[in-house]
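Input: a single structure, listed below in structure tokens.
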Number of protein chains: 2
Amino acid sequence: MKPRNTDSPRYQSQKQAAIRAAAAVFSEKGFHGASTADIAERLGIKQGSLYYYFDSKEEALEDVCLYGLRQYVDNMDAIAGTDEPFEARLLAVVGNHLGSYRSKSEALKVHNDERLYLPAERRVRLKKLGTHYREQLELMIHDGVAAGAVRETIDSHFLAQSIIGVCNGLGEIIVRDPEADVFELARKCTDLLLHGMVPGHYKGE
Amino acid sequence: MKPRNTDSPRYQSQKQAAIRAAAAVFSEKGFHGASTADIAERLGIKQGSLYYYFDSKEEALEDVCLYGLRQYVDNMDAIAGTDEPFEARLLAVVGNHLGSYRSKSEALKVHNDERLYLPAERRVRLKKLGTHYREQLELMIHDGVAAGAVRETIDSHFLAQSIIGVCNGLGEIIVRDPEADVFELARKCTDLLLHGMVPGHYKGE
DNA sequence: CCATTTTTCTATAAGTCTATAGAATTCGCT
DNA sequence: AGCGAATTCTATAGACTTATAGAAAAATGG
């Protein structure tokens, strides 16, 4: 183990850069397909030097996943804490999810696709964040039911998973097409989830 | 290159078994994380012997992906070819998608998560099948609009991607919980897509 | 039941990868 | 400029992988 000053501003900014470099490489080649040499090269240093910032390749993956997930979950907490009407909160949730694909697509993609390759003990913190996210969403749905904005016959676990699924599906559009209008997509997505695709319901549009 | 009789019934059944073994291992460890030794072990033969059935590890991945995708796409063709009303066809599509997670979850999961690690020239056949699938779905949506079953304001690319997304999201429930009732999930999913989560629309339920 | 074909095994070459240790360089500060 | 700390470099051990070649074993069929 090397001596390192984890508080120095230089260390912090390089570590941040290292995480982003790892995110980019993992997202392109996958965890096992990427080598530490790939990550170091993108960062502009040599392979061995990378171990100044990560104790192991697995730690790098964990850091990338946490980085990708953190802001995303924080935003959810903020949304769940407001007393906006259900529809507005749903729009905010969808917007947050889709927005993450644009701003930090790589780290979040790595979390989605590669986190399973982490050993169980490295996944605890991620799991906590993930279940927290879903719980907040399910609570929101319960509120929606109580407020009469959501049918009582829909169970919240099913619905939460559906919402997450649609967002991930649309995330592919966002990643594929850098021109895609994220806000417009979020609006259409929320509308679909609320009112379905069938025409002629009272809400005129 | 070894001499092999690809027509003998024994070869065919062992090759099938090899593809399934590869699917299981790739799905658990990922393409790069899995070794040819892992696949051979699951099949009950030695590492070197595997090359009697695959020219390379990449070919194994391609075969697994094709295996996972084929039946899934064939079913879509059958569904698109009927003249059932739109709602019934949507239910069939969703049921097919969710059902695939139950029956061949491993190969389809491999296709979803690992196909990107194939070199471009090995991906052509997969791409063809995939875009064919989405085109059929978009055509179905156009029919639905023409028949008045779908709002005109929804664009079919967006909707197709949303449908695929919800199904993948619910696929996680199916994979996680072997007791989950796939047909019931498909019904609820179709209902959500058609009518949304908001209560009080004319269709009483 | 023997001869031929098919399938599997053993052994290994050649390459890649992670992680470490210690030397060399750069940085921040006075 | 010069000292000590922080950062990066070089070099390498040790493990693991894919793919191949030729020997061995098992199946097939006349």
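The sequence lines fix the lettering, A, B, ..., with proteins before strands; numbering per chain opens at 1. This one's a predicted model, so the numbers in the text were calculated from it and none came from an experiment.
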Next on the checklist: Let's go through Lys109(A) and Glu106(A) carefully: what are the C-alpha distance in whole Å and the side-chain angles of both, what is the deciding distance for salt bridge (Lys or Arg N to Asp or Glu O under 4.0 Å) to 0.1 Å, and is it a yes or a no?
Outcome noted: CA-CA 5 Å; Lys109(A) 179 175 186 295; Glu106(A) 285 155 345; over 6 Å; no
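Taken over five-pair windows at either terminus, the axes of the helix from dC1(C)-dG30(D) to dT30(C)-dA1(D) are inclined to one another by 30° (rounded to 10 degrees).
Whole-Å rounding puts the His32(B) NE2 to dC16(D) P distance at 19 Å. Here dA24(D) presents its P atom at 17 Å from NZ of Lys46(B), a figure rounded to the nearest Å. Across the protein-nucleic acid pair, Leu50(B) atom CG and dA11(C) atom C1' stand 17 Å apart, rounded to whole Å. Look at NZ on Lys15(A): it is 13 Å from P on dT8(D), rounded to the nearest Å. The distance between atom OH of Tyr117(B) and atom P of dT18(D), rounded to the nearest whole Å, is 16 Å. One can place CD of Glu59(B) at 10 Å from P of dA19(D), the figure rounded to the nearest angstrom. Computed from coordinates, the Phe54(B) CZ to dT20(D) P distance equals 15 Å when rounded to whole Å. Rounded to whole angstrom, the span from the OH atom of Tyr51(B) across to the C1' atom of dT7(C) amounts to 17 Å.
Among dC9(D), dT7(D), dC9(C), the nucleotide with an atom closest to any side-chain atom of Ile45(A) is dC9(D). Considering only the side chain of Tyr52(A), dA6(D) comes nearest among dT18(C), dA6(D), dT10(C).
Position along DNA chain C of the nearest nucleotide to Ser49(A) versus Asp38(A) favours Asp38(A) as the more 5'-ward residue. Residue order along DNA chain D, read from the 5' end via each residue's closest nucleotide, puts Ser56(B) first among Ser56(B) and Arg10(B).
Using a 4.0 Å heavy-atom criterion, one finds that Ala40(B) contacts no nucleic acid atom at all. When heavy atoms are screened at a 4.0 angstrom cut-off, Gln47(A) is found touching base atoms of the nucleic acid. The residue Tyr53(B) sits close only to the backbone: its heavy atoms come under 4.0 Å of sugar-phosphate atoms, none of a base.
Annotation: Glu152(B), atom CD; neighbour count of heavy atoms from other residues, nucleotides and ligands within 6.0 Å does not exceed 12. Other residues, nucleotides and ligands contribute at most 12 non-hydrogen atoms within 6.0 Å of the CD atom of Glu41(A).
Between Tyr52(B) and Tyr11(B), the angle of the ring planes goes over 60°, which puts this pair in the perpendicular group of the 30/60° scheme. Using a 30° and 60° split on the angle between ring planes, Tyr72(A) and Tyr133(A) fall in the parallel class, below 30°.
In terms of modelled atom types and a separation under 3.5 Å, the side chain of Gln161(A) and the main chain of Gly169(B) share a donor-acceptor contact.
For dT6(C), the OP1/OP2 oxygens have no side-chain nitrogen or oxygen of Gln14(B) closer than 4.0 Å.
Ionic pairing of Glu62(A) and Arg122(A) is present here: one or more N-O contacts between side-chain nitrogen and carboxylate oxygen are shorter than 4.0 angstrom.
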